[in-house]
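Here is the structure we will look at, set down as structure tokens.
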Amino acid sequence: MPVAWTHVGRFWTNGEPFLALDEDLLPAWHGLSGQAYEALVPHLTYELTSIPVGAGSAAVVLTDPEISDEGWLEVFRAHDGSIAVVQVNAEDYRGVLELALRYPTTGDQQGDAVTVTSGRLAFVSAALDGTGDDGALLMPESPGPTPSSDADVPDDGSPLLVVPPGSFRLSVLWRTELTEDAVFARWLFTRTDR
């Protein structure tokens, strides 16, 4: 049976990576005020899929500069509990998003697991703090239709998803070319405790 996906949010990147982590760990991330982002930058590689944050860890969504230096990262939730983040550069934006969600996982790079004991999974820019004046603005998920374009004006919000407490395993499909002018990357978070 094919997986059914629902678009639940999006966040804008200027090329910086994002962290996916338990909301309870946000006070421990000081990307801006504590210069944790500057300390992280020299270690950013395609192989890095998680970093320690406080008493836990955060998954790293390292945007793919071969797709675009800036743009939307689209967030989807599946009926089986999986979560996908997709970065696209294509004229047929919606069509490539839908193809990316159906694309086989056989070529994915397997990554680390992230535990979400609070039941709230936050996506925040690694360049910001988790909380406070320099913190990311978290927005509750907003289920709706798959976006038809990337032309909307960016905002400062990042999605906060309510999930069953447990763990997710990250796998990454880096730049994948469907046609000469249609490419995507996908970060897939799959439940490990079902």
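It should be emphasised that the depicted structure is a prediction, and the values quoted were computed from it without experimental measurement.
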Legend entry - Heavy-atom closest contact (Leu161 atom, Arg77 atom, distance): CB-NH2, 3.7 Å

Inset, instruction - Please confirm whether the backbone N or O of Glu98 pairs with a side-chain atom of Trp5, one donor and one acceptor, at under 3.5 Å? - result: no

Inset, instruction - Heavy atoms only: give me the nearest Ala36-Trp29 pair and the separation to one decimal. - result: CB-CH2, 3.6 Å

Inset, instruction - May I ask you to decide if the ring planes of Tyr46 and Trp174 are parallel, tilted or perpendicular, using 30° and 60° as cut-offs? - result: tilted

Inset, instruction - Look only at the side chain of Ser158 and the backbone of Phe123, and say whether a donor-acceptor pair between them is shorter than 3.5 Å. - result: yes

Legend entry - Heavy-atom pair of closest approach, residues Leu21 and Val114: CA-CG2, 4.4 Å

Inset, instruction - May I ask whether Val8 and Leu170 are part of the same hydrophobic cluster, defined by side-chain heavy atoms of I, L, V, M, F, W, Y residues being less than 4.5 angstrom apart, directly or through others? - result: yes

Inset, instruction - Would you list the pairs meeting salt bridge (charged side-chain N to carboxylate O under 4.0 Å, His left out) in which at least one residue belongs to residues 161-174, sequence neighbours left out? - result: none

Inset, instruction - Could you walk me through whether Thr117 and Asp22 pass side chain to side chain donor-acceptor pair (under 3.5 Å), step by step? - result: CA-CA 7 Å; Thr117 55; Asp22 190 314; 3.2 Å; yes

Legend entry - Hydrophobic cluster membership, Val75 vs Val88, 4.5 Å side-chain cutoff: no

Inset, instruction - Look up atom OG1 in Thr13 and atom CG in Asp69, then write down how far apart they are to the nearest 0.5 Å. - result: 9.0 Å

Without placing hydrogens or testing angles, list every side-chain donor-acceptor pair under 3.5 Å for residues 59-66, not counting sequence neighbours.
from: Thr63; atom 1: OG1; to: Gly15; atom 2: O; distance (Å): 3.1
from: Asp64; atom 1: OD1; to: Glu66; atom 2: N; distance (Å): 3.0
from: Asp64; atom 1: OD2; to: Arg175; atom 2: N; distance (Å): 3.0

Inset, instruction - Give the minimum heavy-atom separation between Pro104 and Leu173, together with the two atoms involved. - result: O-CD2, 4.4 Å

Legend entry - Expected output: side-chain His30 to main-chain Asp129 donor-acceptor under 3.5 Å: no

Inset, instruction - Go through the steps for Phe76 and Leu97 under the test side-chain contact (heavy atoms from CB on, under 4.5 Å), then give the verdict. - result: CA-CA 10 Å; Phe76 296 85; Leu97 283 170; 4.2 Å; yes

Inset, instruction - Over 60° means perpendicular and under 30° means parallel, so classify the ring planes of Phe11 and Phe18, tilted if in between. - result: tilted

Inset, instruction - Decide whether Val183 and Leu99 are clustered together by the hydrophobic rule: side chain heavy atoms of Ile, Leu, Val, Met, Phe, Trp, Tyr closer than 4.5 Å, transitively. - result: no

Legend entry - Pairwise distance CD(Glu180) to CG(Leu178) - rounded to 0.5 angstrom: 13.0 Å

Legend entry - Inter-residue atom distance Arg186.CZ - Tyr103.OH, 0.5 Å rounding: 9.0 Å

Legend entry - Between OG on residue Ser167 and CG on residue Asp112, distance to nearest 0.5 Å: 11.5 Å

Legend entry - Val53 side chain reached by Ile51 side chain, heavy atoms, under 4.5 Å: yes

Inset, instruction - Using a 4.5 Å cut-off on heavy atoms from C-beta on, say whether the side chain of Pro145 contacts that of His7. - result: no

Legend entry - Sub-4.5 Å side-chain heavy-atom contact between Gln87 and Phe184: no

Inset, instruction - Indicate whether any N or O donor in one side chain lies under 3.5 Å from an N or O acceptor in the other, for Ser33 and Asp134. - result: no

Inset, instruction - Tell me whether Leu48 is reachable from Phe189 by hopping between hydrophobic residues (I, L, V, M, F, W, Y) whose side-chain heavy atoms are closer than 4.5 Å. - result: yes

Inset, instruction - Tell me yes or no: between the side chains of Ser57 and Ser50, is some donor less than 3.5 Å from an acceptor? - result: no

Legend entry - Straight-line distance of Leu137 CG to Leu160 CG, nearest 0.5 Å: 10.5 Å

Inset, instruction - Measure the CG-CZ distance between Leu73 and Arg10 for me, rounded to the nearest 0.5 Å. - result: 10.0 Å

Inset, instruction - Check whether the side chains of Glu16 and Ser125 place a donor and an acceptor atom closer than 3.5 Å, and report yes or no. - result: yes

Inset, instruction - Could you tell me which non-hydrogen atom of Thr131 sits nearest to which non-hydrogen atom of Pro27, and how far apart they are? - result: OG1-CA, 3.7 Å

Inset, instruction - Looking only at non-hydrogen atoms, find the nearest pair between Ser171 and Asp108 and report the distance. - result: OG-OD2, 3.0 Å

Inset, instruction - Look only at the side chain of Arg191 and the backbone of Phe168, and say whether a donor-acceptor pair between them is shorter than 3.5 Å. - result: no

Legend entry - Verify same cluster id: Ile83, Met139 (apolar side-chain graph, 4.5 Å): no

Inset, instruction - For Tyr93 and Glu74, test the side chains for any donor-to-acceptor distance below 3.5 angstrom and give the result as yes or no. - result: yes

Inset, instruction - Count the heavy atoms belonging to other residues, nucleotides or ligands that lie under 6.0 Å from CD of Gln110, then report whether that count exceeds 12. - result: yes

